[in-house]
> 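Provided herewith is a single structure, encoded as structure tokens, for subsequent inquiry.
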Amino acid sequence: MKPVEVSIHIDAPAQHVFSIAADIPSAANTIKAITAIEMLTPGPVGKGTRWKETRMMFGKSASETMEVTAFDPPRSYTVEARSHGAHYLSLITITPSASGCDMRMTFTATPITRTARLFSFMNFFMAGMIRKCFEADLKDIKSAAESPADTPR
């Protein structure tokens with residue numbers, strides 16, 4: 001699958017945005033599509049953190065086990081998952097700007113089984129739907145980060 005990239009400008013400091021975006025245990029309170037988070041590893045979020053995320057995708061509830069595989073606060077982190085015969089990789093980057101920061105999410109899905117490779121032709125159609133889901137996630141993070149009660153200046 002060709003990578004899906006979405007980005008958004010957020011009028012809040014990069015460190016603050018990163019703290020919200022990387023707060024996996026509270027993600028269901030920030031991102032509307034996420035209905036539940038079950039932490040599978042103890043301790044603070046960082047490289048090696050694993051969790052089960054349940055969210056509404058395409059009108060259905062879907063759960064995936066995910067892992068942080070790179071963690072570089074307040075600049076970036078990477079999340080990976082293996083499911084439905086594919087390897088999923090999401091790179092989240094936050095870049096400071098004069099008026100806040102820019103947040104970008106890059107998502108790739110690589111088929112690893114024969115069945116997944118056979119259905120990879122559907123990726124062209126799925127990319128648009130995936131893009132809309134991630135755009136909504138970024139808007140939710142933006143809303144939380146720009147909340148007057150929550151934004152340090």
Side-chain angles (χ1 to χ4, degrees), residues 1-41 43-59 62-84 86-111 120 122-153:
M1 169 186 244
K2 183 177 178 182
V4 173
E5 290 189 16
V6 295
S7 61
I8 195 165
H9 178 77
I10 302 176
D11 293 320
Q15 179 68 43
H16 179 62
V17 173
F18 186 89
S19 69
I20 292 170
D23 186 0
I24 307 298
S26 299
N29 298 324
T30 303
I31 299 174
K32 294 172 189 164
I34 297 176
T35 58
I37 295 287
E38 177 188 351
M39 297 305 296
L40 303 175
T41 54
V45 173
K47 185 175 179 181
T49 297
R50 295 180 66 241
W51 72 98
K52 181 178 178 183
E53 179 178 298
T54 303
R55 66 165 52 223
M56 294 302 292
M57 289 286 294
F58 315 122
S63 295
E64 300 293 340
T65 299
M66 307 171 120
E67 180 176 355
V68 175
T69 57
F71 196 70
D72 184 19
R75 292 176 283 283
S76 67
Y77 66 96
T78 303
V79 174
E80 297 186 49
R82 283 181 167 70
S83 181
H84 300 51
H87 173 239
Y88 303 106
L89 187 139
S90 298
L91 171 62
I92 295 85
T93 58
I94 299 169
T95 307
S97 71
S99 62
C101 65
D102 296 312
M103 184 174 181
R104 175 181 301 277
M105 176 185 254
T106 304
F107 172 82
T108 56
T110 305
S120 64
M122 292 177 56
N123 289 336
F124 174 77
F125 301 104
M126 298 290 289
M129 292 186 287
I130 290 168
R131 177 181 306 284
K132 286 182 183 181
C133 290
F134 292 142
E135 285 172 345
D137 289 357
L138 293 186
K139 285 178 184 175
D140 290 342
I141 292 168
K142 175 182 174 78
S143 178
E146 292 178 350
S147 169
D150 211 25
T151 305
R153 294 287 172 180

> Taking the side chain as every heavy atom from C-beta outward, state whether H16 and I20 have any atom pair closer than 4.5 Å.
yes
> For R50 and T41, work out which heavy atoms get closest and say how close.
N-OG1, 3.0 Å
> Can you give me every donor-acceptor pair (side chain of residues 30-40, partner residue at least two apart or in another chain, under 3.5 Å) with its distance?
from	atom 1	to	atom 2	distance (Å)
T35	OG1	T54	O	3.2

> Ignoring hydrogens, what is the shortest heavy-atom contact between P74 and I94? Give both atom names and the distance.
O-CB, 3.8 Å
> Return the minimal non-hydrogen interatomic distance between V45 and A22, and the atom names on each side.
CG1-O, 3.5 Å
> Calculate, to the nearest 0.5 Å, the distance between atoms CD1 and CZ belonging to I130 and F107 respectively.
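Here the interatomic distance stands at 4.5 Å.
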> Which pairs, with at least one residue in residues 65-84 and sequence neighbours excluded, count as a salt bridge (charged side-chain N to carboxylate O under 4.0 Å, His left out)?
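Qualifying pairs: D72-R75.
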> State plainly whether the residues D137 and R55 are in salt-bridge range, i.e. N to O under 4.0 Å.
yes
> Measure from the side-chain N and O atoms of S143 to the backbone N and O of D140, and report whether any donor-acceptor pair falls under 3.5 Å.
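No, S143 side chain to D140 backbone: no donor-acceptor pair under 3.5 Å.
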> So which atom in S97 and which in C101 form the shortest heavy-atom distance, rounded to 0.1 Å?
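For S97 and C101, the tightest heavy-atom pair comes out as OG-N, 3.5 Å.
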> Starting at OG of S76, measure out to CG of L91 and round the result to the nearest 0.5 Å.
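With rounding to 0.5 Å, OG (S76) is 6.0 Å from CG (L91).
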> Which distance, rounded to the nearest 0.5 Å, do you find between the OG1 of T110 and the CG of L89?
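The CG atom of L89 is 8.0 Å from OG1 of T110, to the nearest 0.5 Å.
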> Look at R104 together with E5 and state whether they make a salt bridge at an N to O cut-off of under 4.0 Å.
yes
> Would a 4.5 Å heavy-atom cut-off, applied to side chains only, mark K139 and I8 as touching?
yes
> Side-chain contact, heavy-atom cut-off 4.5 Å: H9 with D11?
yes
> Determine, step by step, whether E53 and M66 satisfy the side chain to side chain contact (heavy atoms under 4.5 Å, CB included) criterion, reporting the C-alpha distance in whole Å, the side-chain angles of both residues, the deciding distance to 0.1 Å, and the verdict.
CA-CA 7 Å; E53 179 178 298; M66 307 171 120; 3.6 Å; yes
> For P44 and T49, which heavy atoms make the closest approach, and how far apart are they?
O-OG1, 3.6 Å
> Can you tell me how the ring of F71 sits relative to the ring of Y77, calling it parallel under 30°, perpendicular over 60° and tilted otherwise?
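Tilted, since the angle between the ring planes falls between 30° and 60°.
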> Is there a side-chain contact between D102 and S7 (heavy atoms, below 4.5 Å)?
no
> Looking just at side-chain N and O atoms, do H87 and T108 make a donor-acceptor pair shorter than 3.5 Å?
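Side chains of H87 and T108: no pair found under 3.5 Å.
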> So how far is it from I92 CD1 to M105 CE, rounded to the nearest 0.5 Å?
4.0 Å
> Can you check whether D23's main-chain N or O pairs, donor with acceptor, with S26's side chain at less than 3.5 Å?
no
> Mind running side chain to side chain contact (heavy atoms under 4.5 Å, CB included) on V79 and Y88 for me, showing each step along the way?
CA-CA 8 Å; V79 174; Y88 303 106; over 6 Å; no
